[in-house]
Chemist: 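The structure under discussion is supplied below as structure tokens; questions concerning it will follow.
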Number of protein chains: 2
Amino acid sequence: MSPNHPPSSLAPGADGQAVSGVGAAIAATRAPRGQARAALIAAAHSMVRKQGYAATTVDQICAAAGVTKGAFFHHFASKEALAVAAAEAWTERARPMFEMPPHTQLGDPLARLLGHIDFRFAMLDGPVEEFTCFVGTMVQEAFATSEPIRAACEASIAAYCAALVPDIAAAIDVYDAPEDVTALGLAQHIQAVLQGSFILAKTTNDPAIARESVTHLKRYIRMLFAPPGAP
Amino acid sequence: MSPNHPPSSLAPGADGQAVSGVGAAIAATRAPRGQARAALIAAAHSMVRKQGYAATTVDQICAAAGVTKGAFFHHFASKEALAVAAAEAWTERARPMFEMPPHTQLGDPLARLLGHIDFRFAMLDGPVEEFTCFVGTMVQEAFATSEPIRAACEASIAAYCAALVPDIAAAIDVYDAPEDVTALGLAQHIQAVLQGSFILAKTTNDPAIARESVTHLKRYIRMLFAPPGAP
DNA sequence: GACAACATACCAACCAGTCGGTATGTAGAT
DNA sequence: ATCTACATACCGACTGGTTGGTATGTTGTC
């Protein structure tokens, strides 16, 4: 679903305690038996977000996960297979974003949509590598060289967009929007703005420039669904 | 300036003939003496856009440029130094985008701005790696691991945004826009949408999804500067 | 004791960068 | 104009360290 830093503890077990909070550091403790797979995926998430996929080595992931190479290749046939599994896990890790936050309780679909944008806006804080998107980063490097990774990233992004579609479709029904605006198309545009804002944030190593862009996105959505005749 | 595929032959000499048109292939001929540096930079542009920075090896760049490793390290102290030089060259390669196209002749600043968006829209065609952004791709991987590369990419993006500012500022003067819209902020938003649309295009390996997003961007800009009371 | 979940030791390929050497130009003196 | 002296451009074999992956041993669990 292409999320970023999911609200801590909303993805139970996804963040193996083997990965220290600061992300790229080496795991202090060894991962408990039975949690190697989850720890490896969590380590891949944080390391790839910081360094990119190709620059992140299997050894680094193992070290960050508190696991040896033997465990790695016991659970994954290759580095590429881990990447695919991590992309799928990323989708799951994002799910709570659509179920938990308060704005999901609102009755008006437009209010829910705008609430989601606010939610994403609020995420744009702290170190850049903690709010950027794992699959967005990875597909950038792998789209032409690894078809399995590309497809997994596409699925994750598509799942995020699909989760936005119902509220957008309902908003299109209730308010009047330009004819050629589709729910899926707008959902994809929202995702594009988020992904683009991550890149700008990386150029400055600061979230401020990303917040500016999401503010424009929110204004656009408000204007799209403005009651006709309102100022 | 974070362009993409600059209109062919608008960047004279930047595309060393050593690099074949298909991008990642090995150079058919050896680069003529005196053009090794330019050929290496052009090769870096095409290979990094397709594979990413870390996954692209110095040997691959040399092969694509039709040059040996000796020449590489004669011109660049390191792979990182080439990356910085290539980012600077990318800025230059984008410059014609703001000087040549017909829309730059228009009198109305908003028309010029919309013309530029159309121009970018028209670029979203063909293989993904031929319209995506070199510095956007590279900063994604290097923002946390190479400060020189990060800074060079920031400068390139900033130059692109700065080139958009005059027209946007003039449009803000002529038409009335919301108070908190700044010329630089909107320029950065335009850049964010473009970068984000590139990422979506990479997920599907198809430009269509990127065009959709740029269409939303154009509608937003038209709405922002709409004469009050117009439908 | 059998099977999954690991750990350890190891390897062949690969990678960025080095180094001694060659080819090509160029400026000044004659 | 030609020779000398030097600089720049380029070549390609080599190296030390790294990388993804393997082969085999060990430990815990039912």
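What you are looking at is a predicted structure, and each value in this text was computed from that prediction instead of being measured. So you know, we letter chains A, B, ... as the sequences are listed, proteins then strands, and number each from 1.
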Chemist: How many Å lie between CZ on A:F72 and P on C:dA5, as a whole number?
Modeler: 16 Å

Chemist: Taking atom C1' of D:dG20 as reference, at what distance in whole Å does atom CD1 of A:I149 sit?
Modeler: 13 Å

Chemist: Between atom CD in B:E80 and atom C1' in C:dG17, what is the gap in whole Å?
Modeler: 14 Å

Chemist: Between A:T137 and A:K202, does a side chain to side chain donor-acceptor pair (under 3.5 Å) hold up when you go through it step by step?
Modeler: CA-CA 11 Å; A:T137 299; A:K202 286 177 180 176; 3.3 Å; yes

Chemist: What is the distance, to the nearest angstrom, from the NZ atom on B:K79 to the C1' atom on C:dT18?
Modeler: 18 Å

Chemist: Just checking, A:K79 and A:Y53: is the charged tip under 6.0 Å from the six-membered ring centre and within 45° of the axis?
Modeler: yes

Chemist: How does protein contact run along nucleotides 5-12 of chain D, one letter per nucleotide 5' to 3', with B for base contact, S for sugar-phosphate only, - for none, heavy atoms under 4.0 Å?
Modeler: ---BBBBB

Chemist: Can you label the angle between the B:Y160 ring and the B:H116 ring as parallel, tilted or perpendicular, going by 30° and 60°?
Modeler: tilted

Chemist: From B:L124 CG over to B:S213 OG, what is the distance, rounded to the nearest 0.5 angstrom?
Modeler: 9.5 Å

Chemist: Donor-acceptor pair, B:R150 side chain versus A:T203 backbone, under 3.5 Å?
Modeler: yes

Chemist: Report the distance from atom CD1 of B:I61 to atom C1' of C:dG17, rounded to the nearest whole Å.
Modeler: 14 Å

Chemist: What is the separation between atom CG on B:D59 and atom P on C:dC15, rounded to the nearest whole Å?
Modeler: 7 Å

Chemist: Might you point out which heavy atoms bring B:V67 and B:F72 nearest each other, and give the distance in Å?
Modeler: CG1-N, 4.3 Å

Chemist: Between A:F73 (CZ) and D:dT22 (C1'), how many Å, whole number?
Modeler: 9 Å

